[in-house]
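First the structure, in the form of structure tokens, and then the observations on it.
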Amino acid sequence: MAEASSKLIKGATGDWEVVVGMEIHAQVASEAKLFSGSSTKFGGEANDHVSFVDAAMPGMLPVINEECVRQAIRTGLGLKAKINNRSLFDRKNYFYPDLPQGYQISQYKDPIVGEGEVVLHMLDGEEVRIGVERLHLEQDAGKSMHDQHPTMSFVDLNRSGVALMEIVSKPDIRSSEEAKAYMTKMRTIVRYLGTSDGNMEEGSMRADVNVSVRRPGDELGTRCELKNMNSIRFIGQAIEYEARRQIGILEDGGSIDQETRLYDVKKGETRSMRSKEEAHDYRYFPDPDLLPLEFDDAYVEALREHLPELPDDKRDRFISDLGLKPYDASVLVASKRLAAFFEQVCEGRDAQLSANWVINEWLGRINKEQLDIDDSPISADQLGKIVDLIKAGDISGKIAKDLFEIIWTEGGDPAEVVEAKGMKQVTDTGAIEAIVDEIIANNPGQVEKVKDKPGLIGWFVGQVMKASQGKANPQAVNQILKDKLGL
Amino acid sequence: MTDLTSLTIAEAREGLAKKEFTATELTTSYITAIDGANELNAYVTKTPEKALEMAKASDERIAKGEARPLEGIPLGIKDLYCTKGVGAYACSHILDGFTPEYESTVTQNLWDDGAVMLGKLAMDEFAMGSTTETSYFGPVKNPWRAEGESIDRVPGGSSGGSAAAVAARICAGATASDTGGSIRQPAAFTGTVGIKPTYGRCSRWGMIAFASSLDQAGPIARTVRDAAIMMKSMASVDAKDTTSVDLPVPDYEAALTGDIKGMKVGIPKEYRVDGMPEEVEANWQQGIDWLKAAGAEIVDISLPMTKYALPAYYIVAPAEASSNLARYDGVKYGLRVNGNDIIDMYEKTRAAGFGSEVKRRILIGTYVLSAGYYDAYYLRAQKIRSLIKQDFEKAFQSVDTILTPATPSAAFELNKEITDPVEMYLNDIFTVTVNMAGLPGISVPSGKNGQGLPMGLQLIGKAFDEETLFRTAGVLEDAAGILEAPTKWW
């Protein structure tokens with residue numbers, strides 16, 4: 001209960017609960033568009049990737065791209081969802097210049113993927129399950145450009161007909177944090193599967209976010225849809241703003257109008273785009289140009305067999321087989337390439353120690369310098385060798401950090417660098433004893449005091465480490481000091 | 001030498017093979033005939049230069065002994081087909097100036113088999129109509145007139161240009177298309193043979209869509225044999241149209257054996273509609289007698305859903321059309337009438353670009369798909385469609401083909417003011433069920449009425465059994481005798 005209540009929003013008249021459902025649009029990773037052979041490459045000159053079908057020339061017909069179907073099924077399997085062996089394509093009718101056909105081919109009543117589930121591992125350790133209502137395939141529209149000419153608008157159809165997966169969640173999300181975690185998790189899943197590149201900056205992944213508020217335990221409130229969110233951070237901000245806006249209205253005795261709203265990034269607020277009354281009647285009906293999409297169980301099973309290990313499975317394995325802390329496991333599986341880097345580092349090594357170094361030192365540095373994982377100046381092999389040196393007791397953790405810095409900036413073989421720079425930890429007790437004896441001899445006052453205050457041993461350890469330039473093995477120093485001081 | 005335009009496709013094929021005349025001579029004869037028939041208004045675009053170029057290539061082929069099945073045969077193409085480099089307007093103002101950069105699969109099939117293109121033929125705007133009067137380019141006149149009259153009559157529609165051109169001998173054969181009767185009704189009005197094959201037999205790629213689940217390509221020709229020859233070339237599976245069907249295309253000509261002994265021919269009682277003219281009834285009976293005389297067994301059958309077919313058709317077809325015609329918005333190609341903003345431009349363009357019949361059907365279609373009406377109209381119409389299919393499936397358990405009248409009357413007068421659109425829609429009453437069920441249907445001339453106007457009978461077949469239709473139609477044609485050409489008055 002303590003956890004649940006922490007998600008509630010305090011209003012002037014009591015607590016409120018925010019309820020969020022999301023419709024995520026993810027561009028399907030495929031060479032060609034959903035119903036035409038045109039390229040899906042991002043960029044290029046306007047209208048470079050447009051076929052007669054994409055431009056809705058008279059008499060043109062859509063032909064389903066089977067790779068897009070496979071990608072949708074793979075994604076469905078990744079969401080542990082029901083795959084529908086028979087689905088239908090429908091026309092969603094509306095007029096817009098960047099919609100050449102005058103309708104979008106989508107899936108309305110019978111989507112290719114049915115109910116599934118996504119598990120979120122929150123930072124506080126809580127596990128949250130978000131239901132997936134459905135996943136369907138649909139065409140993207142083109143782009144209207146209003147800044148190219150003083151009196152006219154231009155249209156770029158490069159994106160027209162590109163395949164999208166629309167993934168609709170159930171209204172199970174209860175906070176902006178969960179919404180962000182859900183979006184992040186969905187992006188991780190599609191990237192693991194290779195079914196979408198998940199690049200939100202390029203628009204290949206975006207979300208419509210439905211937000212409503214209610215008193216805990218009440219019926220669902222009236223929702224507003226925040227359209228076209230293309231950043232995880234802004235999703236969080238927009239939900240926070242929108243929830244408080246709705247709470248403000250309700251606490252003032254008002255009511256929420258069901259409407260579509262836009263999040264203004266600069267102002268940090270949402271504003272009305274169109275009301276329910278202005279909503280289109282899309283006149284959905286089955287597209288007569290396309291036969292029902294049908295495949296058998298064997299087709300699905302063949303795809304399932306070749307699925308890569310998914311993030312949750314990988315996380316479970318890291319915890320149960322490698323003995324990692326759950327939090328560390330969650331961090332490492334957040335990206336397929338990060339997990340792969342970690343697995344290379346920990347191959348044949350102490351997994352938790354490897355995880356600590358991958359997360360704290362290496363990932364911290366990557367993020368700090370805003371580098372791509374592939375551009376890391378330290379290879380998994382090099383980092384692994386640093387871990388080896390620590391594990392063997394050749395270097396202390398502190399020296400290891402210095403070594404990491406050297407390898408990061410200068411490169412080289414960690415063992416050779418340690419050797420060449422004389423960084424090796426002193427484990428020779430004779431050498432340490434000599435230093436300890438000298439310090440005891442030079443500090444009789446401290447020796448007296450430590451008899452009453454054993455905590456002062458730390459001062460002695462520091463002195464020894466300083467004298468050894470940090471190379472003395474701290475455990476050995478401790479033991480020898482205790483013996484010699486009679487503690 | 002006889003006038004080359006009087007030859008059927010089969011005869012011209014033989015003459016070309018025997019080198020009695022060249023493809024260029026044959027084509028030139030047609031070009032001359034076309035230029036002399038402007039009053040019929042059958043052609044909206046003439047392509048004589050292209051025709052002569054193609055004919056020359058055909059002559060070279062023939063000389064090398066490499067003639068293909070339709071080598072050198074001059075054809076007219078319904079304006080609904082996209083033909084590369086030649087305007088394609090579906091006889092609508094909204095496609096003003098549109099010249100496709102691609103060739104429809106059906107026409108490509110014809111050119112691949114050696115056919116020669118004479119030009120584009122008039123039709124009702126977007127194939128919506130039964131008279132060809134809704135064409136933006138003006139009505140087409142039926143070459144047939146009642147005996148002793150000089151009153152212009154409609155050629156039927158929507159493939160009225162195709163039917164009139166074939167009847168008037170200004171093409172050897174023509175492509176047409178049929179959504180609710182647009183091949184069979186004009187064929188019946190002009191004394192020609194028209195077949196709508198099974199849905200999926202021909203590719204729809206490159207045909208300007210009216211109602212996608214009903215549209216199907218087919219030929220109009222002077223004889224059953226000619227229709228069979230053309231059908232063989234037009235039909236094909238097509239990777240670009242996933243509703244086309246991958247079945248071998250039979251040699252339809254080989255089906256013309258004249259032997260229908262023991263064939264079971266169904267006569268549906270529901271087609272005896274109220275107010276059917278006696279001459280139509282008598283013509284139907286005549287057809288039954290001819291088939292019986294040829295050894296067929298006549299079986300009375302029932303198709304109880306027939307009465308719902310027309311209303312259901314006029315929900316399904318406009319629904320699909322309202323969506324199919326949304327692309328004509330002035331943004332990309334064709335007509336644009338500028339406005340104050342995008343909505344104003346849409347409205348002005350579509351108001352100016354579409355004729356009243358097309359607007360009516362877009363409105364009907366938009367209405368029946370709207371929230372709150374979808375279940376009551378579109379969904380129920382689809383259910384009726386399933387029941388109509390079941391009717392036929394049941395009937396075809398006991399018969400091989402079904403014989404009906406093709407139309408409720410012979411060709412009527414041009415400019416007949418029909419204020420009630422439903423009266424016009426009744427023209428399709430015998431033909432729409434076939435489209436709703438996706439089955440093949442052929443219209444074959446069966447003599448003339450009292451005024452000397454051609455009449456037609458329809459044969460309906462099992463899915464992909466066009467061969468039975470050709471065979472049976474051939475027997476009717478033999479019995480009725482091939483019609484002479486209409487007396488030239490133009």
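Chain identifiers are assigned alphabetically (A, B, ...) following the order of the sequence lines, protein sequences preceding nucleic acid strands; residue numbering begins at 1 within each chain.
At a 4.5 Å heavy-atom cutoff, B:Tyr81 makes no contact with chain A through either its backbone or its side chain. For A:Tyr103, the part sitting under 4.5 Å from any heavy atom of chain B is the side chain, from C-beta outward, and nothing else. With a 4.5 angstrom heavy-atom cutoff, B:Ile342 touches chain A only via side-chain atoms. Within the 4.5 angstrom heavy-atom criterion, no atom of B:Ser203 approaches chain A. Contact annotation for B:Ala319: only backbone heavy atoms (N, CA, C, O) come within less than 4.5 Å of a heavy atom of chain A. For A:Asp281, the part sitting under 4.5 Å from any heavy atom of chain B is the side chain, from C-beta outward, and nothing else. Of the two parts of B:Asp215, neither the backbone nor the side chain holds a non-hydrogen atom closer than 4.5 Å to a non-hydrogen atom of chain A. Neither the backbone nor the side chain of B:Ala88 comes within contact range of chain A; no heavy atoms are under 4.5 Å apart. Looking at B:Leu95, the atoms closer than 4.5 Å to chain A (heavy atoms on both sides) all sit in the side chain, from C-beta outward. Proximity to chain A is absent for every atom of B:Tyr373, based on heavy atoms less than 4.5 angstrom apart. In this structure, chain A has no heavy atom under 4.5 Å from any part of B:Gln382.
Summarising the geometry, atom OH belonging to A:Tyr96 is positioned 8.0 Å from atom OH belonging to B:Tyr346; distances are rounded to the nearest 0.5 Å. Atom CG of residue A:Asp289 and atom OG of residue B:Ser213 lie 9.5 Å apart, to the nearest 0.5 angstrom. Separating the CG atom in B:Leu369 from the OH atom in A:Tyr282 is a distance of 15.5 Å, to the nearest 0.5 Å.
Residues of residues 85-94 of chain A lying within less than 4.5 angstrom of chain B, judged on heavy atoms, are A:Arg91, A:Asn93 in numerical order. Residues of residues 49-65 of chain A having a heavy atom under 4.5 Å from any heavy atom of chain B, listed by number: A:Phe52, A:Ala55, A:Ala56, A:Met57, A:Pro58, A:Gly59, A:Met60, A:Leu61, A:Pro62, A:Val63. Taking 4.5 Å as the heavy-atom cut-off, none of the residues of residues 146-167 of chain A approach chain B.
Here the closest heavy-atom approach between residue A:Leu291 and residue B:Thr243 is recorded as CD2-CG2, 4.1 Å. Of all non-hydrogen atoms in B:Val331 and A:Pro97, the two that sit nearest each other are CG1-O, 4.1 Å.
For A:Phe295, the CZ atom sits in a packed shell: over 12 heavy atoms of surrounding residues, nucleotides or ligands are nearer than 6.0 Å. Other residues, nucleotides and ligands contribute only 12 or fewer heavy atoms inside 6.0 Å of the NZ atom of B:Lys84. For OH of B:Tyr136, the number of neighbouring non-hydrogen atoms (other residues, nucleotides, ligands) closer than 6.0 Å is 12 at most.
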Next item on the list: Could you check B:Ser370 against A:Arg283 for side-chain contact (heavy atoms from CB on, under 4.5 Å), going step by step and ending with a plain yes or no?
Entry: CA-CA 5 Å; B:Ser370 295; A:Arg283 289 169 284 123; 4.1 Å; yes
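Aromatic ring centres of A:Phe285 and B:Tyr374 lie farther apart than the 6.0 Å criterion allows.
Applying the salt bridge (Lys or Arg N to Asp or Glu O under 4.0 Å) criterion to B:Glu347, with sequence neighbours excluded, gives no partner residue.
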